[in-house]
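See structure below.
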Amino acid sequence: MTEPTTPAIERTLILVKPDGVRRGLTGEILRRVEAKGYTLAAVDLQHATPDQLATHYAEHEGKPFYAPLVEFMLSGPTLAVIAEGQGVIAGFRSLAGATDPTVAAPGTIRGDMARDWGLKVQQNLVHGSDSPESAEREIAIWFPGR
Ligand code: DAT
Ligand code: MG
């Protein structure tokens with residue numbers, strides 16, 4: 001008989017973007033992550049560099065919102081977070097809500113606290129990795145060696 005194996009702890013990269021830091025919402029956002037039951041494994045306030053953002057947002061290069069997105073992400077500090085727990089990748093995306101804050105469901109971070117400001121990029125408070133591959137790639141960008 002084989003022993004039951006302990007499932008690998010899933011992890012994700014969360015960013016509280018510069019709008020969230022400026023508006024003083026980092027505590028409320030981390031509160032929701034912790035209240036859901038996920039564990040904070042690393043938290044670090046960083047001012048992103050152009051190189052870091054080019055790697056992080058490589059999939060969006062060439063899209064009309066790419067330049068405004070990078071400019072926005074350079075506009076102030078970002079809180080980078082590694083969160084852990086079974087299902088945390090999908091679970092945090094669910095807590096975050098839809099990309100467009102106008103239609104993000106009430107009860108979600110974006111639905112409750114973000115809106116359209118008439119700008120070329122959606123200032124939607126948070127980023128969360130969208131797959132295990134993205135999570136590992138993005139954690140290496142924001143937390144080298146972790
Ligand atoms: P998400 O952050 O929900 O994973 P994404 O990866 O498609 O969304 O896009 C990354 C960011 O780029 C998003 O958080 C805000 C901005 N963005 C995406 N689509 C946009 C659009 N159509 N207009 C303006 N900004 C957009
Ligand atoms: Mg994304």
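When a ligand or atom number is given, it counts from 1 through the structure's own listing order. Since the model is a prediction, treat every value here as computed from it, not as a measurement.
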query = Looking at atom 25 (N) of ligand 1, what's its closest protein heavy atom, distance included?
reply = Q122 N, 3.2 Å
query = Does a side-chain N-to-carboxylate-O contact under 4.0 Å join E28 and R32?
reply = yes
request  = Within a distance under 4.0 Å of any heavy atom of N124, pick out the atoms of ligand 1 and give their elements.
outcome  = 13 (C), 14 (O), 15 (C)
request  = For H60, counting its heavy atoms only, list the atoms of ligand 1 lying under 4.0 Å from any of them.
outcome  = 5 (P), 6 (O), 7 (O), 9 (O), 10 (C)
inquiry  = With no hydrogens and no angle check, just 3.5 Å: does a side-chain donor-acceptor pair link S75 and R22?
reply    = yes
ask   = Counting heavy atoms only, which part of R110 comes closer than 4.0 Å to ligand 1: side chain, backbone, both or neither?
value = side chain
query = Taking both backbone and side-chain atoms of H127, is any N or O found less than 3.5 Å from an N or O belonging to ligand 1?
reply = no
ask   = Looking at ligand 1, does D130 have a heavy atom less than 4.0 Å from it?
value = no
query = Taking N or O atoms only and a 3.5 Å limit, does T99 qualify as a polar contact for ligand 1?
reply = yes
remark   = Residues P18 and F72: closest non-hydrogen pair is CG-O, 3.5 Å
Other residues, nucleotides, ligands: >12 heavy atoms within 6.0 Å of E34 CD = yes
key: Closest protein heavy atom to atom 24 (C) of ligand 1, given as residue, atom name and distance to 0.1 Å   = K120 O, 3.3 Å
inquiry  = Checking one residue: I9. Which other hydrophobic residues are in its cluster under the side-chain 4.5 Å linking rule?
reply    = none
request  = Pick, from Y66, Y57, F65, the option with the minimum heavy-atom distance to atom 12 (O) of ligand 1.
outcome  = F65
Contacting atoms of ligand 1, where contact means under 4.0 angstrom from a heavy atom of L69 = 12 (O)
request  = Evaluate the criterion side chain to side chain donor-acceptor pair (under 3.5 Å) for residue pair Q122 and N124; output intermediate values, then yes/no.
outcome  = CA-CA 6 Å; Q122 282 156 352; N124 56 12; 4.7 Å; no
Contacts of R93 that satisfy salt bridge (Lys or Arg N to Asp or Glu O under 4.0 Å) - sequence neighbours left out = none
query = Which ligand 1 atoms does K17 reach within 4.0 Å, using its non-hydrogen atoms?
reply = 13 (C), 14 (O)
task = With side-chain contact (heavy atoms from CB on, under 4.5 Å) as the test, would you mind laying out the steps for L53 and L74 before giving the verdict?
result = CA-CA 9 Å; L53 293 169; L74 290 169; 3.6 Å; yes
ask   = For atom 4 (O) of ligand 1, which protein heavy atom lies nearest, and how many Å away is it?
value = R93 NH1, 2.8 Å
